[in-house]
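Notes follow once the structure below has been shown.
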Amino acid sequence: MKILVINCGSSSLKYQLIDMENESVLAKGLCERIGIDGSKLTHKPTGKENYSVETPMEDHKVAVQLVLDALMDKEHGVIESTDDITAIGHRVLHAGTIYSDATLINDDVKKVIRDCFDLGPLHNPANLIGIEACEAAMPGKPNVAVFDTAFGMKIPEKAAMYAIPYEYYEKYSIRRYGFHGTSHMFVSGETLKCLGKDDAKVIVCHLGNGASISASIGGKCVDTSMGLTPLEGLIMGTRSGDLDPAVLQFICNHENIDINEMLNILNKKSGVLGMSGVSSDFRDVRAAADEGNERAIMALDAYRYRVAKYIGSYTAAMNGVDAITFTAGVGENDTQMREEICEYLGYLGVKIDKEKNAQARGVASEISTEDSKVKVYVIPTNEELAIARETKALV
Ligand code: ADP
């Protein structure tokens with residue numbers, strides 16, 4: 001069984017074709033700048049030469065067709081025809097309160113995705129276009145939606161509800177949903193496998209450009225740091241994470257900007273970028289900090305302090321923790337950041353083996369010492385494989 005995984009952003013489309021017999025990637029790639037000048041497809045077939053083509057892609061429909069052409073190409077392709085694809089799994093951002101599990105797509109599901117455009121204005125429209133493009137290009141093939149909110153949706157009411165008038169939940173479904181759900185589900189599941197314990201208490205730190213943290217018991221999420229939108233929680237590359245909402249009113253009044261512009265600033269110009277004034281890329285911020293840039297030092301200090309505070313609060317929420325796992329761009333690559341975060345966790349009996357930490361890369365690795373009271377892991381996230389597994393289970 002071969003499953004095509006599609007992840008549409010507002011101007012991009014990432015894909016992977018996965019052979020579910022052995023969960024190997026047959027090909028993967030990316031369409032960039034869809035709807036903008038300079039559209040480009042980069043196609044990476046396993047065991048064959050990569051190729052890229054710059055060609056106009058006016059919308060995601062054109063992009064899907066180019067992806068299928070690349071997958072079936074005589075030279076760079078990996079399948080004969082679309083008959084070789086059993087199903088398509090789509091990453092979909094938001095389904096409000098309606099769906100919390102992966103779902104076979106029909107007209108009702110598409111309506112829910114459309115009804116949630118407000119909750120995911122950048123992603124949901126692109127996700128729907130990607131789905132409809134696949135339906136048009138491969139009529140009759142099952143399409144499955146795997147929602148990014150699925151894992152976080154399962155948190156108990158006490159963790160989900162904001163302390164605002166209840167009518168806003170009733171009228172508009174305003175609650176905490178959590179994001180990066182597919183990654184948290186996958187990585188917490190892999191952590192349970194490493195521990196060999198089905199009912200373990202696990203904290204996953206997904207530290208990428210976007211960053212979030214989850215607490216789960218036996219693979220069931222009990223709390224997660226993102227909220228109604230991905231803005232809540234940790235300090236991120238460009239997002240502020242938690243802050244006093246009164247800050248918004250103060251800045252809007254003093255800078256004479258409206259709430260939309262304010263949110264744009266909180267999403268795109270804040271986080272370590274806004275604090276350091278250097279970059280949203282942690283490698284650049286680290287380099288500046290190493291050269292003595294005080295704002296870069298402050299941004300990184302604040303970043304790891306916030307992560308450590310969340311780990312403490314999630315340990316309290318679960319009344320303990322068996323394992324803490326780092327994943328995503330920063331979590332998988334930044335050995336120093338992992339070590340510095342864990343320095344806050346001595347009270348939990350966390351001890352890091354510096355050598356193992358330095359060597360952890362690319363595969364699931366334990367980085368804690370033998371006598372550490374809490375296991376610490378680095379586990380590469382694999383959202384595409386998680387989506388393919390969910391899709392396989394449904395079809
Ligand atoms: P997203 O999927 O949220 O865009 P990723 O999980 O790919 O992000 O993470 C991207 C981030 O990972 C980059 O912003 C970069 O700062 C960080 N990163 C990648 N490699 C390293 C590294 N070796 N050291 C520190 N940070 C890194």
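Order of listing sets the numbers, starting from 1, for every ligand and every atom in it.
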Does an N or O from Asn209, backbone or side chain, lie closer than 3.5 Å to an N or O of ligand 1? yes
Examine His206 against ligand 1 and note whether any of their N/O atoms are separated by less than 3.5 Å.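 Such a contact does not occur with ligand 1.
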In terms of residue, atom name and distance, what is the protein heavy atom nearest to [atom]?
| atom | value |
| --- | --- |
| atom 17 (C) of ligand 1 | Val330 CG2, 3.6 Å |
| atom 15 (C) of ligand 1 | Asp281 OD1, 3.5 Å |
| atom 5 (P) of ligand 1 | Gly329 N, 3.7 Å |
| atom 16 (O) of ligand 1 | Phe282 N, 2.7 Å |
| atom 24 (N) of ligand 1 | Arg283 CG, 3.6 Å |

Please work out which of [options] has its closest non-hydrogen atom nearest to [atom].
| atom | options | value |
| --- | --- | --- |
| atom 25 (C) of ligand 1 | Asp284, Asp334, Thr327 | Asp334 |
| atom 3 (O) of ligand 1 | Gly331, Gly210, Pro230 | Gly210 |
| atom 23 (N) of ligand 1 | Leu207, Leu273, Asn333, Thr238 | Asn333 |

Using a 3.5 Å distance criterion without hydrogens, assess whether the side chain of Ser11 forms a donor-acceptor pair with backbone atoms of Arg33.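 No.
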Is any side-chain heavy atom of Asp334 less than 4.5 Å from a side-chain heavy atom of Leu207?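 No, their side chains stay 4.5 Å or more apart.
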Going by distance alone, is a donor N or O of one side chain under 3.5 Å from an acceptor N or O of the other, for Glu232 and Tyr162?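 Yes.
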Are there over 12 heavy-atom neighbours, none belonging to Lys356, within less than 6.0 Å of that residue's NZ?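 Buried by this count: over 12 neighbours within 6.0 Å.
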Which atom of His43 lies closest to which atom of Ala70, heavy atoms considered: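 Closest heavy-atom pair between His43 and Ala70: NE2-O, 3.6 Å.
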Fit a plane to each ring of Tyr305 and Tyr344, take the angle between them on a 0 to 90° scale, and name the class: parallel (under 30°), tilted (30 to 60°) or perpendicular (over 60°). tilted
Kindly assign one of parallel, tilted or perpendicular to the pair His206 and His180, based on the angle between their ring planes and the thresholds 30° and 60°. parallel
Distance (rounded to the nearest 0.5 Å) between Lys28 NZ and Asn50 CG: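 Here the interatomic distance stands at 9.5 Å.
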For Ala328, counting its heavy atoms only, list the atoms of ligand 1 lying under 4.0 Å from any of them.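 Once the distances to Ala328 are compared, the set is 6 (O).
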